[in-house]
Structures are given as C-alpha cells and as structure tokens.
S.K.: 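Okay, here's the structure, questions in a sec.
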2 protein chains.
Amino acid sequence: MYKIGELAQLCEIKTDTLRFYEKHGLLAPSSRTDAGYRIYTENDAARLRFILRAKAVGFTLNEITELLSIELDKSNWACADVKGLVDSKLEQVVARIAELNAFRSSLQNLSNACCGGPESAEHCSILDALETEQGLEKPLIKGVNHHNAIVKAER
Amino acid sequence: MYKIGELAQLCEIKTDTLRFYEKHGLLAPSSRTDAGYRIYTENDAARLRFILRAKAVGFTLNEITELLSIELDKSNWACADVKGLVDSKLEQVVARIAELNAFRSSLQNLSNACCGGPESAEHCSILDALETEQGLEKPLIKGVNHHNAIVKAER
DNA sequence: ATAAACCTTGGAGTTAAATCTAGGGTCAAG
DNA sequence: CTTGACCCTAGATTTAACTCCAAGGTTTAT
Ligand SMILES: [Zn+2]
Ligand SMILES: [Zn+2]
Ligand SMILES: [Zn+2]
Ligand SMILES: [Zn+2]
C-alpha cells in the first residue's frame, strides 16, 4: 500500500504524473482513505511499471491505454481479441527493433571510420559518411582514412 | 536539386516541416533561386533522411542537432570529439535496443499465454500476467492455462 | 495573359505529456 | 496545538514538434 508520494518516489516520477495518468484512465488507485488520499496497491505499482516500460520503449499513452483497456470489461473480450491486440503491439516492437538495429549499424560504421585521435576532424571520413549517407545502409568502403586508421566493414 | 515541395513529397513530410527544421538549425537548403525559392541538393536530401531515421528511432530534434552539429565548424573538432559523440549516441541506441528486447519478450510471453480462441478471455491468464507483471522480467510459469493452451516459456 | 499551382514570410494554433499554481485539508512530532 | 510535510482539486502554463493561416510574389500551362 503506497500513498501517492511514496509510489511516485519509488518509480521516480512526479505525483502530478500519477494524477495525470489517473485522469486519463491509465491507472487509478485501488482505493482512497477516508480523507480522500489515494492508496495504491502492489498491483497498481506493477501496472504503473508496465506503463513506464511501454512508454520508455516508445509507445504513446493512447497506445498503452489500448493495451490496458483489455481489463476494462474482460468479459466482453474473446481470447482472439486479446491475443490479436498483444500480437499487433508485438509486431510494432519488432519493427522498431529492426529500425534501431539499422541505425545502430549506421552509427557503428561512422564510429569505425574514425580513429578517435587528437588531430582535427576537418576532413575526417566520419563527416563524409554522415553527409553522404554512406554507411547508413551499406558499410563504408573498406579502406584507409585521412590519418591511416583502418576502416573495418562491419555487420 | 529539389524545390521544397519536391523534397517534401520525396520524404513524405510537409513543406512546413522542412521550414521548421531550417528555422531550428537542422537542415538549411544549400541555395536559393533569385526569387528566393529554397533549393535542396542531393546532399541535403541525404541529411534529411538521416534526420528522419534518427527521429524514427526515438531521438529528439535536440539530440539530432547535437549529432549534426559536428559539421558546423569541423575544424574545431578533434577526431576524439567526433568519435566520442557518435559513440555516446551509439550507447544510447544499444541501451534502447535492450529495453525494446525486454519489452518484446514480455509481450511475447503474454501472447504465448493465450490460446487466441473464441472463448471469453474473462479469466485468461494473459490478463493476470499483465496485472501482476508476471512475465515481464521472467517467463510465465510453464504450464496450462484455463482453456488448456500450452504456455511455452520463451527467450 | 490569366488561372492554377507553387513559393515566400511571420505569426498563430494544435497535440501530447507533463508540470506548476493557488487555495485549501490532513496528520504525526514536538 | 501548532508547525512542517503531505495530500486534495481545478485550472493555467510549459515544451516539443509540428501544422495551419494570411497576404502576397512566382511559374507554368493553356
Ligand atoms: Zn576521425
Ligand atoms: Zn582521426
Ligand atoms: Zn486467452
Ligand atoms: Zn483462450
């Protein structure tokens, strides 16, 4: 059982954010004290952690609401609905991972193309790579850059 | 050489967005016509594609600006600076990929826990999984759910 | 040579997701 | 029994990233 400030501190967010999530239907406390204080259960905390992870991973609050709405009236959902919804989010996540991997490999190529030494980067090939979008799909041309650092093709 | 509308169409964004990026220092056209029309080169287009990919992958415009600022005055950067900047972004991307993989595996477990059939999901274990954050770090308990679908642990 | 389809600037409006402010209750410690 | 740390609501403000609008100049195609 947490009061709003305790849960907020636990999850490193502001109490305002919790009230905001409540107003927007993402997470309501399981109960209130007589004085009207919000009381969150461990279950509520778990739900919050789910929300925060989904958010960290790039989903909007609306998308998260969609995922969580399953619970609103469970009895009106068939397993097919539930699984469909989860699987469609799953597809989005997989696609995003692919994008990220492509970008990661771009950056990796940029990094590989640079020796990281103390000389001026004025004509460092990393910049050409950025400018010409070389190495964003394909690896940079294997070779030697302006200061003899070996450029290694990767992936 | 593209006029603003052509480049916008090519990259499936609005002309307004291109003017917005220019105002915020992310991408200026290489030249203008006598009448003041913006003229973008193929190089500008490549830079724009880089911006759009970085954005798609979750970087803010400020972060992208930081990455692109390298070009502003190349001569004041050492290779060490350049590589450091790129490598730090690289780290962020790798971390984000890890988060996404964890979330993907959560969703996968949720999906595995559900048969996807036409019965009511009223007491489908997928919901418990969501509520209790089961399966978000560890796989669900290997076993059989309410309608005998086999839950396969995965990772 | 005129209408449609572009382009220009400057500034206002929108949306998501908080974050803050004002004006008050509540509660444990001293 | 008061002080300081919490909590409440309702509503205003902020920030990022567009998106739209008005008033006008330019190009192109008939
Ligand atoms: Zn270098
Ligand atoms: Zn170097
Ligand atoms: Zn099910
Ligand atoms: Zn089922």
S.K.: If we ignore angles and hydrogens, is there a donor and acceptor under 3.5 Å between the side chains of N112(A) and Q108(A)?
M.R.: yes
S.K.: Do the side chains of F103(A) and I97(B) get nearer than 4.5 Å, heavy atoms only?
M.R.: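 No; the side chains remain at least 4.5 Å from each other.
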S.K.: Taking only side-chain nitrogens and oxygens of R38(A), does any of them come within less than 4.0 Å of OP1 or OP2 of dT9(D)?
M.R.: yes
S.K.: Is there a donor in the side chain of Q9(B) and an acceptor in the side chain of Y2(B), or the other way round, less than 3.5 Å apart?
M.R.: no
S.K.: Quick one: H24(B) NE2 to dT15(D) C1', roughly how many Å, whole number?
M.R.: 11 Å
S.K.: dC7(C) C1' sits how many Å from L7(B) CG, rounded?
M.R.: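 Between C1' of dC7(C) and CG of L7(B): 15 Å.
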S.K.: Whole Å only: how far is the OH atom of Y37(B) from the P atom of dG24(D)?
M.R.: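 In whole Å, dG24(D) P lies 16 Å from Y37(B) OH.
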S.K.: Check the distance between dC18(D)'s P and L18(B)'s CG and give it to me in whole angstrom.
M.R.: 11 Å
S.K.: Nucleotide by nucleotide, 5' to 3', does protein get under 4.0 Å of the base (B), only the sugar-phosphate (S), or neither (-) in nucleotides 15-22 of chain C, counting heavy atoms?
M.R.: --BBBB--
S.K.: Could you state the OH-P distance from Y2(B) to dC6(C), rounded to the nearest angstrom?
M.R.: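 Atom OH in Y2(B) sits about 18 Å away from atom P in dC6(C).
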S.K.: Return the value, rounded to whole Å, for the distance between atom CD1 of I39(A) and atom C1' of dC27(C).
M.R.: 13 Å
S.K.: Starting at CD1 of I4(B) and ending at C1' of dT26(D), how long is that distance when rounded to a whole Å?
M.R.: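 The answer, rounded to whole Å, is 15 Å.
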S.K.: Does any part of the side chain of I39(B), heavy atoms only, come nearer than 4.5 Å to the side chain of R32(B), both counted from C-beta?
M.R.: no
S.K.: What's the spacing between Y40(A) OH and L48(A) CG if we round to 0.5 Å?
M.R.: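 These two atoms lie 8.5 Å from each other.
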S.K.: How many whole angstroms separate atom CD of E63(B) from atom P of dA17(D)?
M.R.: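 Going from E63(B) (CD) to dA17(D) (P), I get 9 Å.
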S.K.: Mind checking whether I13(A) and Y37(A) sit in one hydrophobic cluster, side chains of I, L, V, M, F, W, Y counted as touching below 4.5 Å?
M.R.: no
